[in-house]
Structures are given as C-alpha cells and as structure tokens.
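Have a look at the structure below before the remarks.
Numbering of ligands and ligand atoms starts at 1, following listing order. Source: prediction; values computed, not measured.
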Amino acid sequence: MSQSLNAPQHFVNQVIGQQSGSLNKLMPVKAQGYGIAPVNIALSKYWGKRDTVLNLPMNGSVSISLPGLGTETTITLQPTTQNSPPPIDQIKLNGQALKPNNPFCVRLSAFLDLFRQKNHAFYINTHNTVPTAAGLASSASGYAALVLALNDLFQWQLSTQKLSLLARLGSGSASRSLYSGFALWHKGEQADGLDSYAEPIDTQWPELCVGLVKVNVQQKPVSSTTGMQNTVKTCDLYQAWPQQAKKDMQSILNAIEQQDFEQLGQTAEHNALSMHATMMATWPPIVYWQPESVAAMHTVWQLRQQGVAVYFTMDAGPNLKLLFLKTEKPAIEQAFGDISIIQPFKGQS
Ligand code: DP6
C-alpha cells in the first residue's frame with residue numbers, strides 16, 4: 001500500500017480533530033503535560049507491518065500490562081522567538097540529558113514533529129522503570145506515556161481509544177500500553193488506519209503471574225522496527241505468520257475468557273517460538289537468543305516434565321517472560337533464583 005508523505009500528519013489531524021481554520025489544537029493549555037504508562041508483554045505477538053508509514057500491523061495481538069513497570073514522562077514547550085533556528089528538542093532519559101543525534105532522540109523528535117507548530121521545541125523528561133531497549137518493551141510504555149503527556153499538555157481530552165491510535169504511530173506495541181490488564185490491538189482493515197487501535201479486555205485473572213528472567217539488559221543489536229521489516233522482506237516462512245497469528249490470537253482470547261491456563265501458556269509459547277523462527281529465517285539472520293536464553297527454555301521444559309505448569313514468551317531480545325499461576329511460585333523461585341515476579345491483577349478484583 002502506498003501512502004503520501006504527509007499521511008501521518010493527516011492521521012494525527014483526524015484523530016485530534018485539528019481542521020484548518022478551526023481552534024488550534026497544538027497550543028499548550030497547561031505549562032506541563034504528564035503521562036504514565038505500563039509496559040506490556042504480548043501473549044500473541046505483533047510482528048510485521050502492512051503499512052510502515054502509518055504503523056499498521058499484519059496481524060492483531062493480545063497483551064498483558066505489568067503494573068509498576070513502565071514509563072513516566074513530563075513535557076513542556078520551550079520558549080521560541082520569531083527568528084529562532086529549527087527546533088531542537090531537549091530530551092532527558094532517566095535523569096541524563098541526551099544528545100539530539102542519539103537514535104532515541106531522533107525517533108522521538110520525528111514523532112513530536114507531528115505535534116509541533118513551526119519553531120516550537122519540546123523539553124521531555126522521561127523515566128523508565130525497565131532497562132531501555134532490553135526487550136522489555138520500554139518503547140511501548142514510552143510512547144503511551146508521551147501521548148498521555150501530550151493529551152495533558154494540549155488538553156485534547158481524547159478517549160483512550162484515540163490515544164491508542166496516536167501511540168501506535170510512535171510504536172505499534174504502544175497502542176496496548178494505554179491499559180492495565182489484558183489488551184487487544186485490532187489489526188484493522190481500513191487504509192486510513194483509524195480502526196487499528198487497542199481496547200481493554202474486561203477480564204481479571206488474579207492468580208496469573210509473569211516472571212521476568214533477565215538474561216541481558218544491554219541495548220539490543222537489531223531494533224524491532226528494523227527486525228520486522230527485514231523479516232517481511234526476506235523471510236519465506238513469514239508468509240505463514242499472519243494466519244497463525246490470527247489463530248493464536250483467537251486461542252489466547254478464548255483462554256482468557258475461559259481462564260484456561262494450559263491453553264494460554266501453550267499458545268503464547270508456541271506463538272513466540274514461531275515468531276522467532278521467522279526472525280531466524282530472515283536474511284541477514286536475526287537471533288536475539290543468548291546461550292542463557294536457551295538454558296532458561298530448557299529449565300522451563302524440565303519443570304513442565306516434572307508437572308509444573310510454566311510456559312515462556314520472548315520478544316525482540318534475549319530475556320524470557322514466564323507465565324504461571326500463583327500456586328507454582330515456590331517451584332519457579334527455586335528453579336530460577338534471580339527472577340522478578342509480577343502478579344498483573346494483584347490488588348484488583
Ligand atoms: C516482538 O512495537 O517495538 O515485542 O512498531 O516498529 O515500534 P515498532 O515495533 P514494536 O514491536 C514489538 C514487537 C514484539 C511483539 C509485540 O510486542 O507484540
């Protein structure tokens with residue numbers, strides 16, 4: 001599908017209701033905007049775009065958000081003068097000022113271009129409670145928090161569904177980070193991308209646990225954006241992916257509805273390994289796994305042989321995310337030692 005160059009701007013204008021001649025939606029109403037959003041782990045994955053300009057996925061996906069892990073962001077507008085040079089945003093990540101040519105800033109500023117008036121520069125202060133680019137989906141919480149902060153700064157008062165559309169433009173998986181609990185990101189059918197947003201799934205699963213097995217928290221060698229683009233371009237196996245992803249997503253939705261943990265775990269693990277199979281069959285190959293990742297997989301399989309119901313999922317990085325029910329917590333802690341365990345629905349009823 002081809003898109004004109006200003007397609008993202010047109011998309012943003014449609015979402016925020018910015019029309020020529022109407023009230024200017026890009027004038028800050030407050031001195032500072034604030035947003036906070038959780039990371040999310042996909043149980044059936046998004047891998048591959050059918051439109052790289054509007055960030056439209058080849059398939060829908062389902063995730064679970066992790067409370068307490070995520071991004072907190074504030075945004076203010078820098079004072080400008082009539083003849084000021086092109087705007088340079090100031091971006092602080094985890095207390096450290098970043099150089100404008102840092103890839104993180106380049107991507108963020110390109111996204112902010114969609115929300116700035118000529119000569120306006122932004123000051124962004126953002127804190128992650130997960131290691132950046134470690135395969136723990138910090139871009140998802142990052143763009144979701146940023147969109148919430150923009151909504152606050154400009155006082156658009158958009159619905160969460162619309163905020164999900166905007167977050168998607170920054171990073172696909174960010175569309176799901178507007179919600180706590182389970183979320184479903186619809187693939188959408190329309191060429192304008194207005195029907196590809198995430199919605200919450202209204203089901204609690206208090207016993208469900210997610211364990212984070214940290215293998216490596218360094219910057220990943222291939223970004224998900226580049227990785228999935230190369231996969232779509234060069235991987236013959238990828239042709240089978242959209243169909244499997246659709247089937248897996250349905251299976252995950254059923255498992256959530258029925259609270260069928262075996263089905264949830266099996267489908268999530270199979271889906272993740274299938275996605276990684278397409279990565280490996282890409283050229284040049286994309287292998288996010290480290291030897292410790294494979295060792296952890298074997299530990300999971302051994303535990304299952306011993307009757308412990310535990311499954312894993314993995315994203316674009318070497319770390320494993322374990323899925324299990326609370327009853328298995330002692331066995332998991334014993335087998336993995338240094339593991340962070342999160343109960344996404346703890347405290348909610
Ligand atoms: C493997 O959302 O980071 O984590 O849209 O290019 O920013 P962009 O990609 P991103 O990809 C996430 C891929 C994944 C699977 C998932 O979260 O569904």
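Set against the non-hydrogen atoms of Thr225, the atoms of ligand 1 under 4.0 Å away are 6 (O), 7 (O), 8 (P). The ligand atoms of ligand 1 that sit less than 4.0 angstrom from a heavy atom of Gly172 are 2 (O), 5 (O), 7 (O), 8 (P). Atoms of ligand 1 lying under 4.0 Å from any heavy atom of Arg107, numbered from 1 in the order shown and given with element: 7 (O). Remark: ligand 1 atoms within the under-4.0 Å shell around heavy atoms of Ala42 are 16 (C), 17 (O), 18 (O). Under a 4.0 Å criterion applied to the non-hydrogen atoms of Met275, ligand 1 contributes the atoms 1 (C). Those atoms of ligand 1 that come under 4.0 Å of a heavy atom in Lys49, given as number and element, are 5 (O), 6 (O), 8 (P). Using a 4.0 Å cut-off to heavy atoms of Met228, the atoms of ligand 1 that qualify are 9 (O), 11 (O). Contact atoms of ligand 1 toward Ser139: 3 (O) (distance under 4.0 Å to a heavy atom of the residue).
For Ile41, no heavy-atom contact with ligand 1 is shorter than 4.0 Å. With a heavy-atom cut-off of 4.0 Å, Arg176 touches ligand 1 through its side chain alone. Here Ser171 has heavy atoms under 4.0 Å from ligand 1 in both its backbone and its side chain.
Open room surrounds CD on Gln239; 12 or fewer heavy atoms of other groups in view lie less than 6.0 Å from it. Within 6.0 Å of the CG atom in Asn101, the count of heavy atoms belonging to other residues, nucleotides or ligands exceeds 12. Counting non-hydrogen atoms of other residues, nucleotides and ligands closer than 6.0 Å to CG of Leu273 gives a total above 12.
Remark: Asp338 does not engage Lys214 in a salt bridge, criterion side-chain N to carboxylate O under 4.0 Å.
Taking the six-membered ring where the residue is Trp, Tyr46 and Trp185 present perpendicular rings, their angle passing 60° and hence far from 30°. Ring-plane geometry between Trp301 and Phe312 is classed as tilted, the angle between the planes lying from 30 to 60 degrees on a 0 to 90 degree scale. Between Trp156 and Phe154, the ring-plane angle classifies as parallel under the 30° and 60° cut-offs.
At a 3.5 angstrom cut-off on N or O pairs, Tyr46 counts as close to ligand 1.
Among residues two or more places apart in sequence or in another chain, the side chain to side chain contact (heavy atoms under 4.5 Å, CB included) test is passed with His10 by Gln14.
For atom 3 (O) of ligand 1, the choice among Ala140, Ala316, Ser224 with the nearest heavy atom turns out to be Ser224. Considering Ala174, Ser173, Ala167 only, the shortest heavy-atom separation from atom 2 (O) of ligand 1 involves Ser173.
Of the possible donor and acceptor atoms, none in the side chain of Asp89 sits under 3.5 Å from a partner among the backbone N and O of Ile91.
Counting only residues at least two apart or on different chains, the side-chain hydrogen bond (donor to acceptor under 3.5 Å, both in side chains) pairs with a member in residues 271-280 are Gln244-Ser274, Asp248-Asn271, His276-Trp289.
Using a 4.0 angstrom heavy-atom cutoff, His276 does not count as in contact with ligand 1.
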